[in-house]
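Scroll down for the structure; my scribbles are underneath it.
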Amino acid sequence: MIDNKRLKDVTVTAYAPATSANLGGGFDCLGLAIKLYHTVSAKPSDCSTYNGSAEVEHNLIYKAMKAVFERVGIHDAAVKIESHSDIPRASGLGSSAACIVAGATIANNLVDTPLPISEIVKICSSLDGHPDNVLPALLGGITAGVITDDKQIEYIRSDVSDKIKIAVATPDFSLRTETARKALPEMYSRADCVYSLSRAVFAYEAISSGDLDKIKFLGDKLHEPYRIPLIKGFAEVKHILLSSGAVNVCVSGAGPTAIAFYPSSADISAVLPDGWTLRTPQIENSGISFEISK
């Protein structure tokens, strides 16, 4: 039986940003928020729907809302969800995290006793599998997340300097995270671990401060060498972006998108191969935003 008496009779609209995870060597821990958005609105209803469909059980937005409701003791709520996304799916730009963060944020603003941000972070990270995308989507800027021994999420974040800007190049084919993860080896050499670890430390400070000389050293040997072969045309696109003035290019998340870092003064103009789209979104330092209406 549906009972929405414990939900506010309002519509909450959330704007969840895209994100780029890893940033070279920060595998599964570093992330950056980007001004491409998934816009989601939800309100209490007689039955749960998503864009008019009653098939909601496997929808990530609904799952995140349900997780928040259940955490505060509401087990029988129904919501009408409507959404539109400008974030390409299965592209390495955090489309799943945007769904989860939007759902959790909306649900938390529909209840009378909202959860603290630490609980929202934990719920979202659990649903997404790790915190590298959900943290920047929630908090903005660049973030680094740690899963502690007792399964809590600790993090640091920083605004990103306006000394840099980015471009993202996305092909017309997708690459599911599960497929990209299966390509990774079970064991790594010490040298490869040290290589990526040192560059992960550099990445957080270099990107947050806009230090272009340091951004040049971003790199990875834990995931990029195994995922790039799955991304047809990546090497050519990387060469084009570097030739257009980028100081470095990384695989965004699990791919297939490439993220390029430029000086803020750069006039980004690159002609990519057929099937690739170049976007030049700004970096999102504020994270998810929302508004409440009657």
Hydrophobic cluster membership, Val237 vs Ile228, 4.5 Å side-chain cutoff = yes
Is it the case that Arg199 places NZ or CZ above or below the six-membered ring of Tyr195, under 6.0 angstrom from the centre and within 45 degrees of the axis?
-> yes
Taking it one step at a time, do Thr257 and Ser252 satisfy side chain to side chain donor-acceptor pair (under 3.5 Å)?
-> CA-CA 5 Å; Thr257 292; Ser252 181; 5.6 Å; no
Other residues, nucleotides, ligands: >12 heavy atoms within 6.0 Å of Lys35 NZ = yes
What do the steps show when you test Ile81 against Val56 for side chain to side chain contact (heavy atoms under 4.5 Å, CB included), and what is the final call?
-> CA-CA 9 Å; Ile81 305 168; Val56 298; 5.6 Å; no
Counting heavy atoms not belonging to Lys165, are there more than 12 under 6.0 Å from its NZ?
-> yes
Would you call Glu236 and Lys238 a salt bridge, taking side-chain N to carboxylate O under 4.0 Å as the test?
-> no
Give a yes or no on whether the backbone of Val79 and the side-chain of Ser48 come within a donor-acceptor separation of less than 3.5 Å.
-> yes
Do Pro281 and Leu36 come within less than 4.5 Å of each other through their side chains, counting heavy atoms only?
-> yes
Could you walk me through whether Ile106 and Phe290 pass the side chain to side chain contact (heavy atoms under 4.5 Å, CB included) check?
-> CA-CA 8 Å; Ile106 291 171; Phe290 63 90; over 6 Å; no
Verify the neighbour count for atom CG of Asp274: are there more than 12 heavy atoms of other residues, nucleotides or ligands below 6.0 Å?
-> no
Should we count CG of Asp149 as having more than 12 external heavy atoms under 6.0 Å?
-> no
So do the side chains of Asn22 and Cys250 get within less than 4.5 Å of each other, counting heavy atoms only?
-> no
Would a distance-only check, ignoring hydrogens and angles, find a side-chain to backbone donor-acceptor pair under 3.5 Å from Ser126 to Lys122?
-> no
Give the cluster check for Ile147 versus Leu23: same hydrophobic cluster or not, with ILVMFWY residues linked at side-chain heavy-atom distances below 4.5 Å.
-> no
Judged by modelled atom types alone, do Tyr50 and Glu82 share a side-chain donor-acceptor pair under 3.5 Å?
-> no
NZ of Lys163 to OG of Ser265: how many Å apart, nearest 0.5 Å?
-> 12.5 Å
Applying side chain to side chain contact (heavy atoms under 4.5 Å, CB included), run through Ser158 and Ile156 and close with a yes or a no.
-> CA-CA 7 Å; Ser158 177; Ile156 54 176; over 6 Å; no
Taking side chain as C-beta onward, heavy atoms only, is Thr143 less than 4.5 Å from Leu30?
-> no
Under 4.0 Å between a Lys/Arg side-chain N and an Asp/Glu carboxylate O for Lys214 and Glu205?
-> no
Could you check Asp162 against Ser264 for side chain to side chain donor-acceptor pair (under 3.5 Å), going step by step and ending with a plain yes or no?
-> CA-CA 7 Å; Asp162 60 7; Ser264 60; over 6 Å; no
Got more than 12 heavy atoms from elsewhere within 6.0 Å of CD, Gln282?
-> no
Presence of salt bridge, Arg181 and Asp28, under 4.0 angstrom = yes
Kindly work out whether a path of hydrophobic side-chain contacts (I/L/V/M/F/W/Y, heavy atoms less than 4.5 Å apart) joins Ile123 to Val40.
-> yes
For His130 and Ser125, test the side chains for any donor-to-acceptor distance below 3.5 angstrom and give the result as yes or no.
-> no
hydrophobic_cluster_shared for Phe27 and Tyr204, side chain cutoff 4.5 Å | no
Candidate pair His38 and Ser95, rule side chain to side chain donor-acceptor pair (under 3.5 Å), full reasoning = CA-CA 8 Å; His38 191 158; Ser95 60; over 6 Å; no
Yes or no on side chain to side chain donor-acceptor pair (under 3.5 Å) for Ser209 and Asp211, after CA distance, side-chain angles and deciding distance?
-> CA-CA 5 Å; Ser209 66; Asp211 190 332; 4.9 Å; no
Heavy-atom neighbours of Glu55 CD exceed 12 at 6.0 Å | no
Report the distance from atom CG of Leu110 to atom CZ of Phe69, rounding to the nearest 0.5 Å.
-> 5.0 Å
Decide side chain to side chain contact (heavy atoms under 4.5 Å, CB included) for Val271 and Ile240; before the verdict, give the C-alpha distance in whole Å, the side-chain angles of both, and the deciding distance to 0.1 Å.
-> CA-CA 8 Å; Val271 179; Ile240 291 171; 5.9 Å; no
Hey, could you give me the CD/CZ distance between Glu224 and Phe234, rounded to the nearest 0.5 Å?
-> 6.0 Å
Tyr262 side chain reached by Val247 side chain, heavy atoms, under 4.5 Å = no
Shared hydrophobic cluster, Val72 / Ile120 (ILVMFWY, side-chain heavy atoms < 4.5 Å) = yes
Near Glu154 CD, under 6.0 Å, is it more than 12 heavy atoms from other residues, nucleotides or ligands?
-> no
Classify the ring geometry between Phe217 and Phe202 as parallel (under 30°), tilted (30 to 60°) or perpendicular (over 60°).
-> perpendicular
